[in-house]
> 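I have a structure here, written as structure tokens, and I will follow up with some questions on it.
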Number of protein chains: 2
Amino acid sequence: MTSMIKVLLAEDQSMVREALAALLGLEDDIEVVAQVARGDQVLAAVGAHGVDVALLDIEMPGCTGIEAAARVHREFPRVKLVVLTTFGRPGYLRSAMEAGADAFLVKDAPAAQLAEAIRKVLSGERVIDPTLAAAALAEGANPLTEREREVLRAAADGSTNAELAKALHLSQGTVRNYLSTAIQKLAVRNRAEAVRIAREKGWL
Amino acid sequence: MTSMIKVLLAEDQSMVREALAALLGLEDDIEVVAQVARGDQVLAAVGAHGVDVALLDIEMPGCTGIEAAARVHREFPRVKLVVLTTFGRPGYLRSAMEAGADAFLVKDAPAAQLAEAIRKVLSGERVIDPTLAAAALAEGANPLTEREREVLRAAADGSTNAELAKALHLSQGTVRNYLSTAIQKLAVRNRAEAVRIAREKGWL
DNA sequence: CGATCCGTATGACATCTGTCATCCGGCACG
DNA sequence: CGTGCCGGATGACAGATGTCATACGGATCG
């Protein structure tokens, strides 16, 4: 072979990360040259190792894989980005694409698709599950405003209106208004459902 | 070597499952003889392949890895059980141990501990993260009654009292009473927090 | 410039939620 | 046998939540 494909692996759970490394290690044209456990370590590692492809989990401490993807895309536009996630939320796919991802894989998919996706993005292809792509398009864009998202996110842990108001420097009435509009936009009956639905769609 | 250690791998996410298989495949005394993606397929697979060790993820469709562990323990008491989970919830550890697990690992732990744990349980040892064990002991037992757990579980998706009452064949007042006592036992201020805390502790 | 949307806020109102006291029947434990 | 605890229920009450109308300043867009 002319040269190995250099891959960075970003995933917070060591066992999964090292297992994925073992999996990719079985491919004789792929070499895992760096592993990180936090989103905020991705950029530095990409710079340090001259990687060809970054494989990014979404759920990570530090920053999400999507944010990391956006940064890498800005700083190193030639590095290919594969986003890997547990949750096939259409909103995630949308954000990942906006962040410049070249492939979007769910961990439910067969392992063989991983190496395959790495080779495909390197040859300029994009890799997206067609079912997910359809779902993302069918779902439409996130209807929530930035503020509504913030309030909903803050309300997710069961905080009361008074606590939300204090935390976000808003009046209690305003908090209620935002939650009310969010509840209506999501067509649900209370904040708890709103949080759940927004999460499921990847809108939070 | 005299004989390979036969391992069953139960984990719903194909990519993770096959990656773990690749990882274990690197060990020359371990052989993954079966893989399943659902909890309710574990028992049959254990019976069919004469496995020495079953490696069980907790979060799985069909039934949880803990339930699967309990069944295997009843039917095949000589099969060693390693429970693997994303979440280091003390309540999970407790339930896993009660189900007859020999080892309890979190996916955060270094990959090397996996093969190590498999060898240790086969030699009769138990493998438990000491930090987690301490947390499980410090936390005490689940204070919620079966009914309180059920109601809380049903309330987790944001259902209203009326819906809960209908779904559980209870009066609305009774639903409120159960939620109220659960809220007090968990020392929180509303059902949303109660759900969150109970989840975190693995009491749901 | 006017229309529209966002962020913020208030007040009033209806409904939902959480608490408490109280009750019943059943079951377990000393 | 009494004393608890659990499952189940009712009614009353206070406080939290959700809805609606309305308002104002700023931004954006035609």
Side-chain angles (χ1 to χ4, degrees), chain A residues 91 94-95 98 139-204, chain B residues 91 94-95 98 139-204:
Chain A
R94 184 179 294 264
S95 327
E98 283 167 9
E139 183 181 79
N142 186 340
L144 304 174
T145 70
E146 171 59 24
R147 262 337 219 171
E148 286 160 358
R149 267 198 305 281
E150 272 180 58
V151 176
L152 212 49
R153 229 178 289 140
D157 66 356
S159 297
T160 126
N161 283 335
E163 292 168 339
L164 294 174
K166 202 165 296 177
L168 300 170
H169 308 292
L170 291 173
S171 94
Q172 256 190 70
T174 304
V175 169
R176 284 196 288 170
N177 286 342
Y178 285 150
L179 286 173
S180 183
T181 59
I183 287 166
Q184 288 178 307
K185 284 178 178 176
L186 300 176
V188 294
R189 265 177 311 301
N190 54 50
R191 61 183 69 192
E193 264 189 320
V195 167
R196 187 170 60 83
I197 297 298
R199 274 231 182 92
E200 273 174 24
K201 304 226 180 193
W203 287 344
L204 248 191
Chain B
R94 183 180 293 266
S95 325
E98 284 166 8
E139 181 183 81
N142 186 340
L144 302 175
T145 70
E146 172 57 25
R147 259 342 216 170
E148 285 160 0
R149 266 198 304 281
E150 270 179 61
V151 177
L152 212 48
R153 230 178 290 140
D157 65 356
S159 296
T160 128
N161 283 335
E163 292 167 339
L164 294 174
K166 201 164 298 176
L168 301 169
H169 308 291
L170 291 174
S171 92
Q172 258 191 64
T174 304
V175 169
R176 285 195 288 170
N177 286 341
Y178 284 148
L179 286 173
S180 183
T181 60
I183 287 166
Q184 288 178 306
K185 284 179 179 176
L186 300 176
V188 294
R189 269 178 310 301
N190 55 50
R191 61 183 69 191
E193 267 189 320
V195 167
R196 188 170 60 84
I197 297 298
R199 274 232 181 89
E200 273 173 24
K201 303 224 180 194
W203 286 344
L204 248 191

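Keep in mind that this is a model prediction, so the values were computed, not measured.
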> Within this structure, what is the OH-to-C1' distance between B:Tyr178 and D:dG8, rounded to whole angstrom?
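Rounded to whole Å, this separation is 5 Å.
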> Please determine whether a side-chain nitrogen or oxygen atom of B:Ser180 lies at a distance below 4.0 Å from atom OP1 or OP2 of C:dT17.
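Looking at the OP1 and OP2 atoms of C:dT17, neither is under 4.0 Å from any side-chain N or O of B:Ser180.
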> Expressed as a whole number of angstroms, how long is the span from B:Arg189:CZ to C:dC16:P?
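From B:Arg189 CZ to C:dC16 P: 23 Å.
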> Hey, does the side chain of B:Thr174 come within less than 4.0 Å of D:dT10's phosphate (OP1/OP2), counting only N and O?
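Answer no for this pair, as no side-chain N or O of B:Thr174 is under 4.0 Å from OP1 or OP2.
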> Using rotation axes that map the C1' atoms of four end pairs onto the next four (five pairs an end), what angle separates the end axes of the helix from C:dC1-D:dG30 to C:dG30-D:dC1, to 10°?
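End-to-end axis angle for the helix from C:dC1-D:dG30 to C:dG30-D:dC1: 30°, rounded to 10°.
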> Roughly, in whole Å, what's the span from CD1 in A:Ile183 to C1' in D:dT19?
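So the two atoms are 10 Å apart, to the nearest Å.
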> Using heavy-atom distances to pick each residue's nearest nucleotide on DNA chain D, tell me which of A:Val188 and B:Glu146 is more 5'.
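Its nearest nucleotide lies further toward 5', so the answer is B:Glu146.
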> To the nearest angstrom, how far is B:Leu179 atom CG from D:dG7 atom C1'?
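One finds 15 Å between C1' of D:dG7 and CG of B:Leu179, rounded.
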> Taking CG from B:Leu170 and P from D:dC6, how many angstroms apart are they, rounded to a whole number?
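About 16 Å, once rounded to whole Å.
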> Do B:Arg147 and D:dG7 share a donor-acceptor pair, side chain to base, under 3.5 Å?
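Counting by modelled atom types and ignoring angles, no donor-acceptor contact under 3.5 Å is found here.
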> Between B:Leu144 (CG) and D:dC6 (P), how many Å, whole number?
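The distance from CG of B:Leu144 to P of D:dC6 comes to 11 Å, rounded to the nearest Å.
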> For the pair made of CG in A:Leu164 and C1' in C:dT8, what is the distance, rounded to whole Å?
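Nearest whole value for this atom pair: 16 Å.
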> Minimum heavy-atom separation for A:Thr145 to A:Lys185, with atom names?
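For A:Thr145 and A:Lys185, the tightest heavy-atom pair comes out as CG2-NZ, 3.7 Å.
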> Is any side-chain heavy atom of A:Glu146 closer than 4.5 Å to one of A:Arg149?
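Side-chain contact under 4.5 Å: yes.
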> B:Glu148 and side chain to side chain donor-acceptor pair (under 3.5 Å): which single residue from B:Asn142, B:Asn177, B:Thr181 fits?
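So the option named by the test is B:Thr181.
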> How close or far is atom P of C:dT19 from atom NZ of B:Lys185, stated in whole angstroms?
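Spelled out: NZ on B:Lys185 to P on C:dT19 is 13 Å.
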> D:dA16 phosphate, OP1 or OP2: any side-chain N/O from A:Asn161 under 4.0 angstrom?
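Checking D:dA16 against A:Asn161, no side-chain N or O comes under 4.0 Å of OP1 or OP2.
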> Assign A:Asn190 to base, sugar-phosphate, or nothing according to its heavy-atom contacts below 4.0 angstrom with the strands shown.
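Contact class for A:Asn190: sugar-phosphate only.
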> Does D:dT10 have OP1 or OP2 under 4.0 Å away from a side-chain N or O of B:Ser171?
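For B:Ser171, the contact criterion (side-chain N or O under 4.0 Å from OP1 or OP2 of D:dT10) is met.
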> Counting only side-chain N and O atoms of A:Arg176, is one of them less than 4.0 Å from OP1 or OP2 of D:dT19?
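Looking at the OP1 and OP2 atoms of D:dT19, neither is under 4.0 Å from any side-chain N or O of A:Arg176.
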> Side chains of A:Asn161 and A:Arg191: donor-acceptor distance under 3.5 Å anywhere?
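Looking only at side-chain atoms, A:Arg191 and A:Asn161 do form a donor-acceptor pair, the distance falling under 3.5 Å.
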> Start with the C-alpha gap between A:Lys166 and A:Glu163, add the side-chain angles, then the distance that decides, and say whether side chain to side chain contact (heavy atoms under 4.5 Å, CB included) holds.
CA-CA 5 Å; A:Lys166 202 165 296 177; A:Glu163 292 168 339; 5.8 Å; no
> Check this one for me: any side-chain N or O of B:Arg191 less than 4.0 Å away from OP1 or OP2 of C:dG18?
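Answer is yes, contact under 4.0 Å.
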> Do any side-chain nitrogens or oxygens of B:Gln172 fall under 4.0 Å of OP1 or OP2 in C:dT17?
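Result: no.
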> List the steps and the verdict of side chain to side chain contact (heavy atoms under 4.5 Å, CB included) for A:Leu164 and A:Tyr178.
CA-CA 11 Å; A:Leu164 294 174; A:Tyr178 285 150; over 6 Å; no
> Could you pull out every donor-acceptor pair under 3.5 Å between side chains of residues 197-204 of chain A and any protein atom, sequence neighbours left out?
residue, atom, partner, partner atom, Å
A:Glu200, OE2, A:Arg196, NH1, 3.2

> Is it the case that C:dT10 (base atoms only) and A:Asn177 (side chain only) share a donor and an acceptor within less than 3.5 Å, ignoring hydrogens and angles?
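Answer yes: a donor N or O sits under 3.5 Å from an acceptor.
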> Specify the closest pair of heavy atoms between A:Leu152 and A:Val195, including all atoms of both residues, with the distance to one decimal.
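Minimum heavy-atom contact is O-CG2, 3.8 Å.
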